Amino acid sequence: MSDALINGLAGAGGGIIAQLITYPLQTVNTRQQTDRDPKKTKRKLGTIEQMCQVVKYEGWERLYGGLTPSLVGTAASQGVYYYFYQVFRNKAEAVALKRFNKGNGDGTVGMFSSLLVAAISGCVNVMMTNPIWVVVTRMQTYRKASTKEKPTRSLSNISEDDVQISAVEPPPFGTGHAVQEVYDEAGILGFWKGVFPTLIMVSNPSIQFMLYETLLKKLKARRALSVKGNSGVTALEVFLLGAVAKLGATVVTYPLLVVKSRLQARQVTDGDKKLQYKGTLDAILKMIRYEGFYGFYKGMSTKIVQSVLAAAVLFMIKEELVKGARALLTSNVVSINKVKRPP
């Protein structure tokens, strides 16, 4: 089994586990990003309070709306990304080694090369998996009409929040209905809505992996100096390195993520034109005009918690799966050699 395939499968496995753990936070964050309230008439809810509102009025299952396509998208994204990342990194390492043999460089992949490898891998991943994430965004932003309202309830006892929740027009429930809605709205090209800001956002994993690998390289070097012949790192150290790397990348690229979510969510086809976006530039200009720069950072605290936790879990699980797979393959090779050895 090739090293690229091992990393691809390990990345997919780690991504699924991280997604399951952090999915409710992701759902709430997507709703926060796509909340269009230029006049700021709604009371701002905290993350925990908003999760409780979803459970109270829509049920626990809405925190996991779109989970199935999201898991498929996570497995596909992580698998594709890690596979191509390892393929391109192997080529970069081969080039660095050739330069070293010619007397140039130190034989290792530099920061710029790591950034370029991550960016190319990210672009391939975006073009292949964007349709999945359009469907996931539609399902995450689905607001189920409250079933707990009683017909006999007096209008005077209904709060403004209750009226707003009950008045929301429910989008499709299932994946198939979401797919049909996207197609009816914009045709095949609708599945690549938000692809432009997403392509720019490949800088997120690029920055993330650049920071991660730089920190990991320095940690291994210091470990090798302090403990002779031992440059290994623990699962906890990988967890912390992944968290720090993702935190830095998220702060830089968050505004693009908000624009992408706005474009991929269900578009308002009638009513206030302030809420209608024709494309990336139109969305950016309207957000600046009607919501200010604050609109680009809606739900950022939630995203930081979700993304840092997910990235840390992902890196930890991935590294452990890679170690386990390599150990298993090594033990199998040793066993085969023992069997083939003549008596």
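Just the heavy atoms: all of them, side chains too, but no hydrogens, waters or symmetry mates, feed the values below. Computed from a predicted model, the values in this text were never measured in an experiment.
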Could you grab the distance from atom [atom1] of [X] to atom [atom2] of [Y], nearest 0.5 Å is fine?
X: E319; Y: L216; atom1: CD; atom2: CG; answer: 7.0 Å
X: Q19; Y: I16; atom1: CD; atom2: CD1; answer: 9.0 Å
X: D282; Y: Y277; atom1: CG; atom2: OH; answer: 8.5 Å
X: L247; Y: L309; atom1: CG; atom2: CG; answer: 12.5 Å
X: L67; Y: Q140; atom1: CG; atom2: CD; answer: 9.5 Å
X: M316; Y: L240; atom1: CE; atom2: CG; answer: 10.0 Å

Transitively linked via ILVMFWY side-chain contacts under 4.5 Å: [X] with [Y]?
X: I17; Y: L314; result: no
X: L116; Y: F84; result: yes
X: V72; Y: L20; result: yes
X: M201; Y: Y297; result: yes
X: Y82; Y: L321; result: no

Quick check against the 3.5 Å criterion: does [X] have a side-chain atom that pairs as donor or acceptor with the backbone of [Y]?
X: N29; Y: L25; answer: no
X: E237; Y: T234; answer: yes
X: R266; Y: R138; answer: no

Would you say [atom1] of [X] has more than 12 non-hydrogen atoms from neighbouring residues, nucleotides or ligands within 6.0 angstrom?
X: Y23; atom1: OH; value: yes
X: K323; atom1: NZ; value: yes
X: F239; atom1: CZ; value: yes

Side chains of [X] and [Y] only: does a donor on one sit below 3.5 Å from an acceptor on the other?
X: T141; Y: T30; value: no
X: K303; Y: Q306; value: yes
X: S114; Y: R89; value: yes

State which residue, out of Q33, E291, Q32, fulfils the side chain to side chain donor-acceptor pair (under 3.5 Å) condition with K298. E291
Does [X] reach the side chain of [Y], with side-chain heavy atoms less than 4.5 Å apart?
X: K193; Y: K260; result: no
X: V244; Y: L211; result: no
X: F191; Y: V179; result: yes

Among V28, D35, T27, which one satisfies side-chain contact (heavy atoms from CB on, under 4.5 Å) with R31? T27
Please determine whether side-chain contact (heavy atoms from CB on, under 4.5 Å) holds for the pair S113 and E93, giving the CA-CA distance in whole Å, both sets of side-chain angles, and the decisive distance to 0.1 Å. CA-CA 9 Å; S113 296; E93 289 175 348; over 6 Å; no
What do the steps show when you test L199 against M127 for side-chain contact (heavy atoms from CB on, under 4.5 Å), and what is the final call? CA-CA 8 Å; L199 282 173; M127 297 307 298; 4.1 Å; yes
Can we call the ring centroids of Y254 and F296 under 6.0 Å apart? no
Does the side-chain hydrogen bond (donor to acceptor under 3.5 Å, both in side chains) test come out yes or no for S77 and W133, once each step is laid out? CA-CA 10 Å; S77 294; W133 297 114; 3.1 Å; yes
For L9 and Y83, run side-chain contact (heavy atoms from CB on, under 4.5 Å): C-alpha distance rounded to whole Å, both residues' side-chain angles, the deciding distance at 0.1 Å, then the answer. CA-CA 8 Å; L9 293 175; Y83 178 80; over 6 Å; no
Parallel under 30°, tilted from 30 to 60°, perpendicular over 60°: which one fits the rings of Y81 and Y85? parallel
Is the closest basic N to carboxylate O distance between K56 and E49 below 4.0 Å? no
Should T47 and M51 be marked as a side-chain contact (heavy atoms from CB on, under 4.5 Å) after you check the CA-CA gap, both sets of side-chain angles, and the distance that decides it? CA-CA 6 Å; T47 302; M51 291 177 69; 4.3 Å; yes
Side chain to side chain donor-acceptor pair (under 3.5 Å) partners of K217, counting only residues at least two apart: T108
